[in-house]
Amino acid sequence: MLLKMYRYDMKNVSIPLLIVHGILLVLTALEMILMPFADAGNAVMTVSAIVAVLMVLTAITAVVLTNLLLVLRFYRRMFTEEGYLTNALPMTVDQQMLSHTLAYLTWYAADAVIVMGTFLALVLRPAYGKSGIPSEAVPYIAFLIISLILGIIASACTMSGLAHLSSSVGHLFPENKGVMTFIFYLVFGFLCQVFFAVFSVCLLIGRSGAALFGSQSLHDAEGNLINVLPEAVPIVLILFVGLMVLAAVMYFISRSIIKNHLNLA
Amino acid sequence: MEWNLDPSRPIYQQIIEKVETEIASGRYQPGQQLPSVRELALEAGVNPNTMQRALSELERGGLVTSRRTSGRFITEDGNMIGETRNAIADRQIRIFLEKMADLGMTKKELLKRMEKEAVSADAQNAAGQNTAVKGEEQ
Amino acid sequence: MSAVIECINISKQYKGGCQALDNVSLNCQSGRIVGLLGPNGSGKTTLIKILEKLLVPTGGTFAIAGQTDPVEIKKIVSYLPDCNFLGDTLTVKDALDYFQTFFEDFDRPRAEEMMEKLGITGTQYLKTMSKGTKDKLQLVLVMSRRAKLYLLDEPIGGVDPATRDFILHTIVANTDEDSSVLISTHLISDVEPILDEAVFINNGRIVLKSTVDAIREEHGKSVNDYFREVFKCY
């Protein structure tokens, strides 16, 4: 059941998102071809600049559209007239919510990877000539990749929790469901950011992170990179757990509203 | 067949009357198989349980018999059919007589008027047949 | 013959204080077509939503064919709401696929046969259909499930007489001794030929529960006329 609804959630949002992300990839490829020839003349430089601007606009559209379509999908299928059918399906509330969270995670990750990937590809282009990755950078790169993955998971879960919570609280106002959902999205979104900011600051202070960002450089007396990993890894892990707890709290409140206070007008 | 059911009277009774009339008039032949309860219910636009109840009553009365695997059949008992026909006619006659009594018609007046109407009705039927025949000839 | 619906003292009070249902107890045997008849705002839709587990009562309990778990109930109850529950971007085929995916008891051949009779093709977009056709489509989808209980909320409101006949015909054609139908409506004269039982509801309370023939025999009038007598406002 969960996977069946996941398929339908994905089908519902995928076409516009594939188009937008496809355009972004095409623009990126174009820019990658044009960039080395930017010195060749004004015409090439102008086109390259235009493409760069389009890339940025498309990237912003992609990110906004990804989140917008997924939030709308949940709101529509659960709390509008379609909700009469969705909620009559022989599925538990958990299956209803988790299938959407999974779809959110899928596209959030795809979007993040594509948007970051396209810009990294352009930024790192000059570095392609080099002989490869220096061995001492490997743990850092591994750490970065793992942090990225954890970050995507945690923010996708938080964002989908935000979608669930704002729409389930919003629907409790049958006269103005849509408007209230939007308002609650902004309010809860803001609260989540405040939580994240406060949590991170406390964490960094608590872990004597001040030392990391102080006047010391990243190199010790012999010019070797100080291994910051032992400090950074726990910070990342705790941030991850903190966000997941936030996502879980939003999940359980939404679930309780849908299970016990469903009010389809 | 037009069922014309009146919602102010129990429907199953009206169905019984309807089927009795069909049998008595010969439109349902003796020994003929009836459609299934569901088909009849759909035809009449009524609840299958209602149709079932009517058919069960008819079975009890003997006009309809049921063979477990093949369904329901009209009785082949000519006497019973004849009696049913008479009973229906008597019912209608009683109603008619009540209405005429309400008008203050005496029996003599009534019989005379009935003769007159019957003759006139026969003439109209004959004329109708003649024009039909003439029409064919032309 | 077993009980398909067993409600005991169902109450629903909304936060504003509105008592939509007040200690409603209802018992419905299998193989029956029951009319839930009452004026607008009498609590009919509220009761049906509670039975479909779309709404949580503030008091009382109920079971559908002995089941109380929401998922199990939804497996055996087929619900037709009084609104357009299919997304507008779907085609008819999409709707059929959706029902087939999520409802194990969906009888697709039966649904397709009915659609052919209605002249609805699989590639049609729901956007392009008239209200009457969409209503027929929704009814066909709901009645093509082999459910134990069909909950129909105002199935014939706002449609033309021919469509109404089709809907009533479909209801009778798709029920059997193992299933029951609960039809909530205020269009009583149209629906009474197919009813077994009538439940009159007013102001959240059950006023009467009887077989339709008993009403006709006892009161010498149709259910519609008796309803008018019971609910006279002047």
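Values reported hereafter were calculated over all heavy atoms of this structure, with side chains retained and with hydrogens, waters and symmetry mates removed. So that the names make sense, note that chain A is the first sequence line, chain B the second, and so on, each numbered from 1. Quick caveat, the model's predicted, so the values are computed rather than measured.
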Flag if over 12 foreign heavy atoms under 6.0 Å of [atom1], [X]:
X         : atom1 : value
Arg85(B)  : CZ    : no
Arg113(B) : CZ    : no
Arg108(C) : CZ    : yes
Glu229(C) : CD    : yes

Counting only heavy atoms closer than 4.5 Å, note whether [X] contacts chain B via side chain, backbone, both or neither.
X         : value
Asp165(C) : neither
Asp196(C) : both
Leu168(C) : neither

Which distance, rounded to the nearest 0.5 Å, do you find between the [atom1] of [X] and the [atom2] of [Y]?
X         : Y        : atom1 : atom2 : result
His169(C) : Leu42(B) : NE2   : CG    : 4.5 Å
Ile194(C) : Thr50(B) : CD1   : OG1   : 10.0 Å
Glu192(C) : Asn47(B) : CD    : CG    : 12.0 Å

Self-check item: chain C neighbours within residues 5-17 of chain B, where any heavy atom lies under 4.5 Å away
Solution: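 Within residues 5-17 of chain B, near chain C: Pro7(B), Ser8(B), Arg9(B), Pro10(B), Ile11(B), Tyr12(B), Gln13(B).
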Residue by residue, which of [range] have a heavy atom closer than 4.5 Å to a heavy atom belonging to chain B?
range                       : answer
residues 145-156 of chain C : none
residues 199-218 of chain C : Asp213(C), Arg216(C), Glu217(C)
residues 111-120 of chain C : none

Exercise. Identify which of Asn224(C), Leu195(C), Ile171(C), Asp176(C) forms the greatest number of heavy-atom pairs closer than 4.5 Å to chain B.
Key: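 Option with the greatest count: Leu195(C).
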Quiz item: Closest approach of Gly45(B) and Pro193(C), non-hydrogen atoms and distance?
Solution: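 The pair with the smallest heavy-atom distance is O-CB, 3.4 Å.
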